[in-house]
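One structure is given here, and the rest of the page talks about it.
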Amino acid sequence: MQKLTLIEAGQKILEAGNIVITAHVSPDGDGIGSALGLCHYLRNRGKAAQVVFDDRLPIAFRFLKGYEEIEDISDRPEIQPGERPADLLVVLDTDLGRVGRVREYVGKDVTTVNIDHHRTNDEQADYLFCDYRIAAVAEIIYELIVGLSGQEGLTKDIADCLYTGICTDTGFFRYSNTRPATHRAAAALVEAGAEPSVISETLDARPADRQRALAAAVQTMELFADGKIGGIFLPYELVKDIESTEGFIDFVRVIDTVEVAVMIKESQPGRCKASLRSKGMDVGSVAMQFGGGGHYRAAGCTVEEPLSAAKAKIIEAVTALVEGKAHE
Ligand code: 5GP
Ligand code: MN
């Protein structure tokens with residue numbers, strides 16, 4: 001592994017002709033927005049570039065240019081190693097461990113450039129740029145494009161994608177990861193054509209069945225540790241037909257006494273995906289105890305247990321964190 005500056009990472013990418021771009025499974029606005037934004041830029045520079053995910057893409061992001069062209073290999077039970085030849089695999093918003101089978105799909109010996117902002121990055125890529133102070137990978141891709149091509153490198157399509165990524169990872173500029181540079185990047189993206197009100201209204205639009213599921217999810221709310229922990233716990237039956245539970249955790253996160261919010265959903269029978277949010281404590285360390293990771297204040301993990309067992313284990317670990325016993 002070799003660490004690169006951002007400009008070096010950009011130059012390394014431009015040395016390739018045929019580039020596959022991917023991001024983490026459970027795709028979110030930052031993963032999809034930064035991958036599509038980079039893809040548009042590379043195509044504008046005459047490269048063959050393609051975004052590939054090994055997971056279903058939330059339809060909430062279908063307004064982004066290029067969404068329809070993203071290749072999703074998740075419904076293919078088998079893929080051949082090296083089936084999709086490329087000179088370079090660019091991995092965004094995660095390390096190589098969380099991209100599903102995309103590495104196998106392009107071939108394990110294909111050179112990897114990894115651009116990330118997670119503290120928990122495993123540094124396994126051939127070339128790495130990782131800065132956890134930067135709010136979103138979309139903000140990093142903005143800096144990369146402007147560093148290589150100036151403001152002229154930004155088109156409206158790129159601006160929409162990157163603005164969306166920044167908004168999703170900062171909660172529309174409200175989370176503590178929002179810095180002056182984040183606003184400057186956003187301002188430049190608006191100058192390049194991104195429309196904040198259109199993007200925010202589009203991302204806020206919810207299907208009715210999601211709202212019904214949220215109402216049921218709210219009924220599962222429990223508080224622990226004198227109200228310092230708030231949780232919602234979603235059995236498989238409740239989530240099996242809804243596309244996304246994005247934002248559900250905010251219902252408990254905003255409770256005034258809550259320091260750590262937990263959402264555990266049984267994504268398949270016997271398998272639970274947990275999301276953790278804090279107002280200052282290191283929930284990334286808790287996620288890592290269960291083989292997951294993330295940021296200081298936003299992290300997640302998957303536990304191979306039914307809901308009740310996953311809930312007991314995770315609430316125990318979070319209780320140790322809030323009661324200051326995490327390392328005893
Ligand atoms: P979410 O709860 O929204 O799925 O994820 C919150 C943050 O934690 C995101 O930055 C996400 O990339 C990270 N994260 C969620 N689940 C996992 C996991 O299983 N492993 C790792 N390494 N990171 C995760
Ligand atoms: Mn991100």
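Whatever order the structure lists ligands and atoms in, that order sets their numbers, starting from 1.
Side-chain atoms of Lys273 and Ser267 include no donor-acceptor pair closer than 3.5 Å. Under the 3.5 Å distance criterion, with hydrogens and angles disregarded, a donor-acceptor pair is assigned to the side chains of His117 and Asp169. Under the 3.5 Å distance criterion, with hydrogens and angles disregarded, a donor-acceptor pair is assigned to the side chains of Asp72 and Ser74. When only modelled atom types and interatomic distance are considered, Arg103 and Thr112 share no side-chain donor-acceptor pair under 3.5 Å.
Classified by interplanar angle (parallel below 30°, tilted 30° to 60°, perpendicular above 60°), the ring pair Phe233/Phe224 is perpendicular.
Classification of Glu195 and Lys156 as a salt-bridged pair holds, one side-chain N sitting under 4.0 Å from a carboxylate O. Ion pair Glu316/Lys313 not flagged as a salt bridge, since none of the NZ, NE, NH1 or NH2 atoms sits closer than 4.0 Å to an Asp/Glu carboxylate oxygen. Comment: Lys240 does not engage Glu266 in a salt bridge, judged by the lack of any side-chain N to carboxylate O separation of less than 4.0 angstrom. A salt bridge links Asp250 with Arg253: the distance from a Lys NZ or Arg NE/NH1/NH2 to an Asp or Glu carboxylate oxygen falls below 4.0 Å.
Residue contact check: Gly294 has heavy atoms under 4.0 Å from atoms 8 (O), 13 (C), 23 (N) of ligand 1. Residue-ligand proximity, His295 to ligand 1, at heavy-atom distances under 4.0 Å covers atoms 10 (O). Close contacts of ligand 1 with His118, meaning ligand atoms under 4.0 Å from a residue heavy atom, involve 9 (C), 10 (O), 12 (O). Heavy-atom contacts of Gly292 reach the following atoms of ligand 1: 18 (C), 19 (O), 20 (N), 21 (C), 22 (N) (cutoff under 4.0 Å).
Under 2.8 Å from the Mn ion (ligand 2) lies an N/O/S atom of His117, whether from backbone or side chain.
When the heavy atoms of Lys273, Arg297, Met288 are ranked by distance to atom 16 (N) of ligand 1, first place goes to Lys273.
At a heavy-atom cutoff of 4.0 Å, ligand 1 is contacted by no atom of Met263, backbone or side chain. Only the backbone of Cys301 comes within contact range of ligand 1, with a heavy atom under 4.0 Å; no side-chain atom does. Using a 4.0 Å cut-off between heavy atoms, Glu246 makes no contact with ligand 1 at all.
Given atom 2 (O) of ligand 1, the protein heavy atom at minimum distance is Ser275 OG, 2.6 Å. For atom 6 (C) of ligand 1, the nearest non-hydrogen atom of the protein is Arg277 NH1, 3.6 Å. At the shortest separation from atom 21 (C) of ligand 1 among protein heavy atoms lies Gly293 N, 3.2 Å. In terms of protein heavy-atom proximity, atom 8 (O) of ligand 1 is closest to Ala299 CA, 3.2 Å. Annotation: atom 17 (C) of ligand 1 to nearest protein heavy atom, Gly300 O, 3.2 Å. In this structure, atom 7 (C) of ligand 1 lies nearest to the protein heavy atom Ala298 O, 3.5 Å. Considering only non-hydrogen protein atoms, atom 11 (C) of ligand 1 sits nearest to Arg98 NH1, 3.7 Å.
Within the 4.5 Å cutoff, no side-chain heavy atoms of Pro27 are placed close to those of Phe61.
Vertex the Mn ion (ligand 2); arms to Asp30 atom OD2 and Asp169 atom OD2; angle 90° (nearest 10°).
Asp93 contributes atom OD1 as its closest N/O/S atom to the Mn ion (ligand 2).
With hydrogens and angles disregarded, a donor-acceptor distance shorter than 3.5 Å links the side chain of Arg62 to the backbone of Ile59.
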